[in-house]
Structures are given as C-alpha cells and as structure tokens.
Amino acid sequence: MADGEALDDAMEDRVQHADRLLRMAVNRIPEAVIIYDTDDRVAFVNQAYCDFFPYMPPVGELMGQSFEDVIRHSMVAPGVVLDPLARTDPDAYIAKRRHRLHNPQPQPFEQLTAGRWHLVREVRVQGVGFFGLRSDITDIKQREIELKMARDHLARQTQQLAEAREVAVRAREIAIAARLEAERANTAKSEFLARVSHELRTPLNAILGFSEIIRDQLLGDRSPQRYAEYAADIHHAGSHLLKLIDDILDMAKIEAGRLELLVDDVDLHGLLRELMHTCRPLARRNDNRFETHIPNDIGTLKGDVTRLRQVVLNLLSNACKFTRGGAVTLAARRLGSVDGRSDLVEITVTDTGIGMTEAQLARVFEDFIQADAAIARTYGGTGLGLPICRRLCLLMGGDIRLDSSPGSGTTARVILPVSGPPCSSSLPVG
C-alpha cells in the first residue's frame, strides 16, 4: 500500500515538473499565447501576451478572468479595436467576438492591432477549450511594403525608360523623315534649278543667235522675210523667258506670303472665250481638236481676273502640250450651293493625252516637282505651274482637283466660289 502511494506521489511530481517546464518554455517564446477553458475563462497566458497588449492587467490578474472581461480591456484601450461596432453597439461586438472564440478561422490571418501587425492562429478543441497564438510580423510587413515600393519604383522606372525609348525612337524616326524630306527638297530644288537653267539657256541662245544674224545682216539685204521670222522667234523666246520669270516671281511671293489679289467682277463667258481663241493655235500645233462647252449665261464671279486667266491658261497649255492628235476641251458650269457654302463655279479642262499615275498625281502639286523626270526632259517646263495654280485657287477660296490615268488623259477641275475669296481685297498666302 505504501509503495502504491509513493508511486502516485512520484507520478504527480513528474507531472507538476513537466507542467512547470512547459509553462517556463511557453513564457520564454516570443509569440503571445492565451488559453481559455471550456467556461471561456483564461486558463493560461504567457508574458509575451501582456507585452503584446500592455493595456492588459498583469499575468497573475488575467488568470481566471472571463473572455468578456479580456475583450472589454481591449475595447477601452485607445486605438486597439478598429471595428466601428465596438463603439456603436459594444454588446453586439462582444457577441461577435464570442462567436469567433467558439468558431475560430481554420487558416491563420493577419490583424493590425495598436499599430502592430500580428499573424493570428486560433484553434478550439472540443472538451478542452480555446488556444490562441500571435506572432508579431510588423517587421516582415514593413519589408513587404518596402519591397512593394521598390518593385513599384522599378516598374515606374521601367515604364519611364520604355516611354523614353519610345520617344527616342519616335524622335529618331522624325529626324530621319526630316532629313529625307530635306534631302528630297534639296534634290527637287537642284532638279528645278537644272530645269530652270535649261529653260533659260534655250530661249537665250535663240535670242542671241537670231539677234546676231539680224545685227550682222548675215543673210544680206535680200531676205527681209527671214529676218522677220527671226524677229518673231526672238519675240517668242522673250515671251517664254518672261513667263518663266513671272512664275519664279509668283512662287517667291507665295513663299514669302506677299501675293495679293485684285478682286473685281469677272465676266466668265468673256474670259473663257478669250482663252479659247488664245489656245486654239496651241492645240493645232499638236494636231489636237479644241472643243468648248461654255454657257452664255455662266455669269460672273468675284475674283482676280488676271490670276484666274493665269490658272486656266496654264491648265490649257498643259493639256495642249501633253496631248498629240487628240482632243482638248474647255467647259464651265454653275454648281449651286454645296455643303452650305455659297454658289460655286466649276471650270473644267479635259484632255486625251498621256495622263498620270497615282504616284504622279500625289506629287504634282508639290513645289519644284514635276510628275516624272523623263516627261520633263521630253516636254520641258519647270514644275512651278500647277503648284502656283493651286495656291492661286486656294487664295481665291477654291481649289483644283485632278483626275487622271496613264494613257487616258487628264481632267482638271477648278472650283471657285461665286462670292469671291474670304477677304475681299488682298490675302497673303502663308
């Protein structure tokens, strides 16, 4: 009997010793531990728990307190409970927390308490009670925030670098395009100067040659008819030179924005009949038929008669020059109001000549450009005519439209408002 009692005492001593060791170990771990029994009273709490929550009573006083008492300690501490229900309905908040005590989340969760981040693990064992463990992860969260900030900063820098690279690539493309455009413009101007040089030398050589023959009377006194023909050739060459110089001066005025219009009432029927008589010889020179469709009641429009004559004459001259053994047609009609604008007049010059490709049409109105270098060598010209014509039409409030295809001829449409240009006297071209 005595041996049995001694064995029981030894077993109890060992249990108490193991309990002391367990409590000592739990009190030394950095995690906060609290245990509630089946009556929802504190059965165990370690020192770390009170360190986590300094507003709580000491460990000795917490032992045996009810769950509601512990929760109320936290509710009265400033900045601890963030749930607004704790202020609006304290009893409902306590009931909510008691429900979590009896039905803890199966997975760990993070919680911000009094400015510190905790990783919370909660377990309830049927017939034993509730076990809660909290780890302070504030430093880890801070490193996560810093890492996220660093990643965001890196992402922003990467985006900025990508944008900068895109800007650089775009700038390089613009620079290359500008360089190519400058080179193209320089080439066009060089070709223009070469064409002008040729256009100048040819009539000048004729003027000098024929004038020397007349001056020195190389044909003697018996060929007055030949001298008259040479004088006519000199006059023709001089007229060609004057037209060339006028074109160059017009383009210079346009480029400088100093071209002015002298606006007045223009008798369209009279002007177009005059141009018809002027251009018939040009048409016959290449065996072309010259046809007209000009209504007697075409009326008048407000415009610069000299500039309008220049535009239509240029179009007719081109049509006669680029057509051989075909037809050149001059027509006019009133279009009425279009798109809310004033009444319009359309003057059309149509030919059955060599025509143009889409690529040539795309460049034909560019300054110093001719549709095709081979055509320029064959037919001559400086490439200023059509650009000047379009600028003049725009200046008068209208435009020129070209329709053409290779081998099928070209149709040029001059469309002008009857009421005249936007400003009634003069308007610079910029």
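Position 1 is the first residue of the sequence, and the numbers go up from there. Side chains are part of it too, since the values below use all heavy atoms of this structure and drop only hydrogens, waters and symmetry mates.
- Annotation: side chain to side chain contact (heavy atoms under 4.5 Å, CB included) contacts of Arg87 (sequence neighbours excluded): Pro84.
- Among residues two or more places apart in sequence or in another chain, the ring-ring contact (aromatic ring centres under 6.0 Å, His included) test is passed with Phe52 by His118.
- Applying the salt bridge (charged side-chain N to carboxylate O under 4.0 Å, His left out) test to pairs two or more places apart or on separate chains, none has a residue in residues 275-288.
- In this structure, Arg334 contributes its side chain and Ile298 its backbone to a donor-acceptor pair below 3.5 Å.
- Residues Asn314 and Gln310 bring no donor and acceptor atom of their side chains to less than 3.5 Å of each other.
- Applying the side chain to side chain donor-acceptor pair (under 3.5 Å) criterion to Asn296, with sequence neighbours excluded, gives His269.
- Checked against side chain to side chain contact (heavy atoms under 4.5 Å, CB included), Thr292 has the following partners two or more places apart in sequence or in another chain: Arg273, Met276, Phe290, Ile294, Leu330.
- Applying the side chain to side chain donor-acceptor pair (under 3.5 Å) test to Glu31 and every residue at least two apart in sequence or in another chain returns nothing.
- For Tyr55, the ring-ring contact (aromatic ring centres under 6.0 Å, His included) partners are Phe53, not counting sequence neighbours.
- Within the structure, salt bridge (charged side-chain N to carboxylate O under 4.0 Å, His left out) contacts touching residues 347-360 (residues at least two apart or in different chains) do not occur.
- Contacts of Arg121 classified as side chain to side chain contact (heavy atoms under 4.5 Å, CB included), with partners at least two apart in sequence or in another chain: Pro108, Leu119, Leu133, Ser135.
- Residue pairs meeting the ring pair (Phe, Tyr, Trp, His ring centres under 6.0 Å) criterion with at least one partner in residues 66-88, sequence neighbours excluded, are Tyr36-Phe67.
- Asp265 pairs by the salt bridge (charged side-chain N to carboxylate O under 4.0 Å, His left out) definition with Lys302, not counting sequence neighbours.
- Every residue meeting the side chain to side chain contact (heavy atoms under 4.5 Å, CB included) condition with Ser66, not counting sequence neighbours, appears here in chain and number order: Arg41, Glu68, Asp69.
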